Amino acid sequence: MNYDANNIFAKILRGEIPCKKVYEDDYALAFHDINPQAPVHILVIPKGPYSNYEDFASSAESDELAGFQRALLKTIAAAGVSAGGYRLISNCGVNAHQEVPHYHVHILGGRDLGAMLGKAA
Ligand code: 5GP
């Protein structure tokens, strides 16, 4: 799968564009979404060059896969959303309107998020 090294999250990882960091370790970086859709809206991205979930899940090494999951867990703890509940979303491809072609998981919380989706068309 082709990876665009000039995507915005690659630039954030390289420090070329600033972000409001929430958590970072060897495997992942977590930062606040620039256009939050809820009181808590954090993006968690792996440090490796993966375009989307399928690319990451099929190509990443085992330590990257586990490290990313643990980083996601630590970010959820740092965000303080466990007690109230939260939603994890990873958009993949055209139907999901994925905007940034670097795998990421959205953490949304801080209020009642309502139904998961509108009615199926
Ligand atoms: P996607 O649709 O790809 O799942 O979501 C991409 C997310 O990245 C959007 O929620 C958008 O607001 C966020 N985003 C886009 N550009 C930037 C940026 O430069 N900085 C940060 N922090 N978030 C961004």
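Predicted model, so just to flag it, every value in this text is computed and none were measured. Every number for a ligand or one of its atoms is a count from 1 in the order of the listing. All residue numbers in this chain count up from 1 along the given sequence.
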Quiz item: Should H97 and N91 be marked as a side chain to side chain contact (heavy atoms under 4.5 Å, CB included) after you check the CA-CA gap, both sets of side-chain angles, and the distance that decides it?
Solution: CA-CA 7 Å; H97 293 232; N91 295 314; 5.9 Å; no
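- Within the structure, the ring-ring contact (aromatic ring centres under 6.0 Å, His included) test picks out the following pairs touching residues 60-94 (sequence neighbours left out): F56-F68, F68-Y103.
- Judged by distance alone, the side chain of H104 and the main-chain N or O of H102 form a donor-acceptor pair under 3.5 Å.
- One distance of note links CG of L73 with OG of S82; it measures 7.5 Å at 0.5 Å rounding.
- Screening I42, I89, V44 for a side-chain contact (heavy atoms from CB on, under 4.5 Å) with H106, the sole residue that qualifies is I89.
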Output, or 'none' if empty, a list of ligand 1-protein atom pairs in which both atoms are N or O and the distance is under 3.5 Å, rounded to 0.1 Å.
{"unit_1": "ligand 1", "atom_1": "2 (O)", "unit_2": "H97", "atom_2": "O", "d": "3.1"}
{"unit_1": "ligand 1", "atom_1": "2 (O)", "unit_2": "E99", "atom_2": "N", "d": "3.2"}
{"unit_1": "ligand 1", "atom_1": "3 (O)", "unit_2": "E99", "atom_2": "N", "d": "2.7"}
{"unit_1": "ligand 1", "atom_1": "3 (O)", "unit_2": "V100", "atom_2": "N", "d": "3.0"}
{"unit_1": "ligand 1", "atom_1": "3 (O)", "unit_2": "H104", "atom_2": "NE2", "d": "2.9"}
{"unit_1": "ligand 1", "atom_1": "4 (O)", "unit_2": "N91", "atom_2": "ND2", "d": "2.8"}
{"unit_1": "ligand 1", "atom_1": "4 (O)", "unit_2": "H104", "atom_2": "NE2", "d": "2.8"}
{"unit_1": "ligand 1", "atom_1": "4 (O)", "unit_2": "H106", "atom_2": "NE2", "d": "2.8"}
{"unit_1": "ligand 1", "atom_1": "5 (O)", "unit_2": "H104", "atom_2": "NE2", "d": "3.3"}
{"unit_1": "ligand 1", "atom_1": "5 (O)", "unit_2": "H106", "atom_2": "NE2", "d": "3.3"}
{"unit_1": "ligand 1", "atom_1": "10 (O)", "unit_2": "D33", "atom_2": "OD1", "d": "3.3"}
{"unit_1": "ligand 1", "atom_1": "10 (O)", "unit_2": "D33", "atom_2": "OD2", "d": "2.5"}
{"unit_1": "ligand 1", "atom_1": "12 (O)", "unit_2": "D33", "atom_2": "OD1", "d": "2.6"}
{"unit_1": "ligand 1", "atom_1": "22 (N)", "unit_2": "H32", "atom_2": "O", "d": "2.9"}
{"unit_1": "ligand 1", "atom_1": "22 (N)", "unit_2": "I34", "atom_2": "N", "d": "3.4"}
{"unit_1": "ligand 1", "atom_1": "23 (N)", "unit_2": "I34", "atom_2": "N", "d": "3.3"}

Practice problem: Let me see the working for E24 and K47 under salt bridge (Lys or Arg N to Asp or Glu O under 4.0 Å), right down to the final yes or no. | Solution: CA-CA 10 Å; E24 182 173 18; K47 292 219 165 155; 2.7 Å; yes
